[in-house]
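These notes are about the structure you will find just below.
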2 protein chains.
Amino acid sequence: MGSRIGLKDVALRAGVSVPTASRVLSGVQRNVDPELALRVRNACDELGYRVNAAARALRIQSTDSLALVVPAIANAYFAELVSAYSRRLDLQGKRLVTIDTGESPESEERQLGAMDRVLVDAVLVVPAAFERSGAAITELARSNRVVQVDRRARGVEAPSVRLDNAAGVRLLVEHLRARGRRSILMVDAQEDSSSSIERTAAFRALAGPDDRVLEMPNFTVASGTDAAKLLLANPGDTDAIICTADTVALGLLTALQHAGKRVPAEYAITSFDGTYISDTAAPGLTTLGSTAERMVEASLALLDDGSDDVVLKPELVVRGSSG
Amino acid sequence: MGSRIGLKDVALRAGVSVPTASRVLSGVQRNVDPELALRVRNACDELGYRVNAAARALRIQSTDSLALVVPAIANAYFAELVSAYSRRLDLQGKRLVTIDTGESPESEERQLGAMDRVLVDAVLVVPAAFERSGAAITELARSNRVVQVDRRARGVEAPSVRLDNAAGVRLLVEHLRARGRRSILMVDAQEDSSSSIERTAAFRALAGPDDRVLEMPNFTVASGTDAAKLLLANPGDTDAIICTADTVALGLLTALQHAGKRVPAEYAITSFDGTYISDTAAPGLTTLGSTAERMVEASLALLDDGSDDVVLKPELVVRGSSG
DNA sequence: TTTGGTTCGGAAATGGTTTTCCCGGCGGTG
DNA sequence: CACCGCCGGGAAAACCATTTCCGAACCAAA
């Protein structure tokens with residue numbers, strides 16, 4: 001049984017007792033002689049000892065890590081959200097473990113169902129779907145602290161932090177109208193996500209007879225280029241576009257430019273996420289500012305004090321793509 | 001202390017012993033009376049019981065999860081790598097937990113040092129730096145199974161799976177020369193990563209007097225646009241560019257186009273990663289094909305059979321950006 | 001009645017932390 | 001000088017929740 005080295009091996013080599021070794025390593029529960037502490041630390045080095053995560057967590061009932069479950073890490077919006085959480089938690093000495101559900105409620109259910117194999121103190125989840133994610137998240141929330149981030153799922157009582165999507169749509173529509181645009185096309189993904197639902201609903205409520213909605217299969221750059229083809233095949237009076245994701249806007253922008261269309265002269269393009277894409281596209285994309293930092297702050301605060309839902313106000317960032 | 005519900009609560013409610021409840025739930029180690037099994041399962045539902053990850057892992061000495069440590073999840077290349085791992089492991093019923101080190105050796109050291117707070121069976125790591133990552137990874141490898149992916153760190157004995165960068169550079173250079181280009185600029189990031197080192201070394205070995213290297217601070221799209229500014233300020237004879245990342249190539253491409261330059265007529269642009277970016281840019285980027293799937297397969301196989309280093313052969317994917 | 005197989009429960013094991021109890025030494029006080 | 005309290009350390013055991021080993025009981029077949 002000498003295979004794995006445990007704390008008692010360290011204590012033995014350092015010539016101290018197990019409690020003392022523990023006191024040196026983990027807590028400052030009580031003062032220990034600096035000389036003994038040094039011996040313990042040296043013994044650790046020499047033996048290559050590392051504390052057993054499972055044993056420690058079992059006793060302590062706490063790991064210093066959170067899980068973040070996102071639908072698609074390849075989406076720049078979620079990638080930036082992950083980065084923001086990771087940086088923020090790193091400052092606190094905590095770890096973020098990220099899990100990708102591939103925009104698939106089935107995979108999400110598997111991963112959430114197996115979350116009891118991963119050691120975390122709480123789970124931050126961006127639900128893949130509004131309807132189909134509810135059951136798995138509710139189940140998870142029975143035994144874990146759960147916060148819904150960016151999206152919600154139907155019937156889940158876990159608190160949520162999200163953007164005021166209706167206000168965001170209103171900001172973009174009013175901006176485009178103020179610039180004299182008459183016919184707006186909203187390009188959305190037909191994913192069953194709460195944010196998509198809220199955005200299209202808000203848009204339809206504000207839309208006039210000349211405004212349209214185009215549903216693409218997902219939030220990828222390729223969907224943007226496909227949307228451009230569909231638009232060019234059936235241009236109508238459209239002179240302005242609202243994309244519900246920066247990735248889609250990027251594909252749309254480059255495809256329109258490649259087809260010889262001028263942006264913003266012929267088409268004003270706006271978008272939602274405020275990722276680096278909106279900043280580096282040429283021309284820059286008018287978009288709602290990034291809410292990643294605020295979402296991170298709000299959701300972590302919510303985990304601490306257990307307050308209620310948080311709805312963030314969007315801000316408009318005007319760049320060249322809207323004239 | 002009745003706060004958290006454990007297996008003994010389930011057993012009590014179901015009127016069976018703890019071992020029997022365990023047999024019903026986790027393993028099919030032995031047959032149990034179907035009637036008892038049903039009682040156990042009902043008790044679980046009613047109590048909302050979920051197995052304790054720490055206790056299970058402590059006893060079993062295994063979780064079905066791997067950790068993947070990447071330098072920057074916001075980089076499309078790593079995001080696609082994460083997705084590929086996640087999909088592949090999902091098929092096997094395993095989980096992937098991803099950790100972002102923000103291209104910072106300090107953060108990497110903290111995160112790797114605290115890896116004993118996360119429950120995983122093995123760690124796949126993309127070292128942030130060639131020189132400065134070695135110590136932390138070596139230390140980690142003393143107590144964990146570790147595989148280096150995509151990059152290596154100096155002096156680490158853990159096996160690695162990586163691209164044959166020299167062959168990749170040769171493919172691109174020969175392709176550009178075959179298209180009649182005379183003066184190639186390599187745009188790299190001055191990060192201390194093994195892949196960057198190998199690529200610039202291979203390029204310098206092949207380079208003629210008209211070829212140059214430009215070192216940008218990092219692998220972001222913004223670095224690409226900055227590189228374009230530097231290039232336009234000092235154009236020399238450059239008629240071809242090799243970027244060591246798709247993100248950089250994207251920024252460079254759009255910035256050059258925005259400045260009125262024609263691609264590929266005036267500048268042929270090629271790149272390395274083969275992410276979705278190379279496919280959706282306009283024109284498409286000539287690049288080395290994505291090796292994500294092969295890296296995933298090779299590294300997982302390596303974990304299974306403990307074989308040696310794997311070096312993947314690159315493939316050239318020709319698109320419009322190189323003429 | 002014995003034998004063999006099946007199923008269940010008590011107890012050990014997993015590894016680290018924490019508590020309890022004790023001890024020896026040290027300094028201050030009466 | 002005796003006494004008291006405090007402080008740092010050690011031995012042993014409890015604890016965390018689960019799995020597994022092993023013995024016991026039971027039922028059916030021989």
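Contacts classified as side chain to side chain donor-acceptor pair (under 3.5 Å) and involving residues 300-310 of chain A (residues at least two apart or in different chains) are given here: Ser160(A)-Asp309(A), Arg162(A)-Asp309(A), Asp305(A)-Ser307(A). Among pairs with a residue in residues 96-109 of chain A, those fulfilling salt bridge (charged side-chain N to carboxylate O under 4.0 Å, His left out) read Glu103(A)-Arg151(A), Glu106(A)-Arg132(A), at least two apart in sequence or across chains.
Among the nucleotides dT19(D), dC8(C), dT18(C), the one closest to any side-chain atom of Arg59(A) is dT18(C). When distances run from any side-chain atom of Arg23(A) to the nucleotides dG15(C), dT19(C), dT20(D), the shortest one goes to dT19(C).
Under 4.0 angstrom from either OP1 or OP2 of dT17(C) there lies no side-chain N or O belonging to Gln61(A). Contact annotation: Ser22(A) does not reach the phosphate of dG16(C) (side-chain N/O to OP1 or OP2, under 4.0 Å). For Tyr49(B), a side-chain nitrogen or oxygen approaches OP1 or OP2 of dT18(D) to under 4.0 Å.
Both Ala55(B) and Pro19(B) lie near DNA chain C, and the one whose nearest nucleotide falls closer to the 5' end is Pro19(B). Place Val18(B) and Thr20(A) on DNA chain C by their nearest nucleotides, and Val18(B) ends up nearer the 5' end.
Nucleotide dC8(C) holds its C1' atom 12 Å from the CZ atom of Arg39(B), rounded to whole Å. The CZ atom of Arg117(A) sits 12 Å away from the P atom of dT18(D) (whole-angstrom rounding). Rounding to whole angstrom units, CG of residue Leu7(A) and P of dC16(D) are separated by 20 Å. Put simply, CZ on Arg56(B) is 13 Å from C1' on dT20(D), counting in whole angstrom units. For the pair Leu119(A) CG and dG15(C) C1', the interatomic distance rounds to 14 Å; values are reported in whole Å. Rounding to whole angstrom units, NZ of residue Lys8(B) and C1' of dG10(C) are separated by 16 Å. Counting to the nearest Å, the P atom of dT19(D) and the CG atom of Asp116(A) are 10 Å from each other. dT7(C) atom C1' lies 9 Å from atom CG of Leu36(B), rounded to whole Å.
Here the shortest heavy-atom pairing between Pro127(A) and Pro71(A) reads O-CG, 4.2 Å.
Salt-bridge formation is not detected for the pair Glu157(A)/Arg142(A): no Lys NZ or Arg NE/NH1/NH2 atom is positioned less than 4.0 Å from an Asp or Glu carboxylate oxygen.
Using modelled atom types, one finds a donor on one side chain and an acceptor on the other under 3.5 Å when comparing Thr220(B) with Asn218(B).
When heavy atoms are screened at a 4.0 angstrom cut-off, Leu58(B) is found touching base atoms of the nucleic acid. Among the heavy atoms of the strands lying under 4.0 Å from Val16(A) are primed sugar atoms or P, OP1, OP2 only; no base atom is included. Residue contacts shown for Val51(B) are limited to sugar-phosphate atoms, with no base heavy atom under 4.0 Å away.
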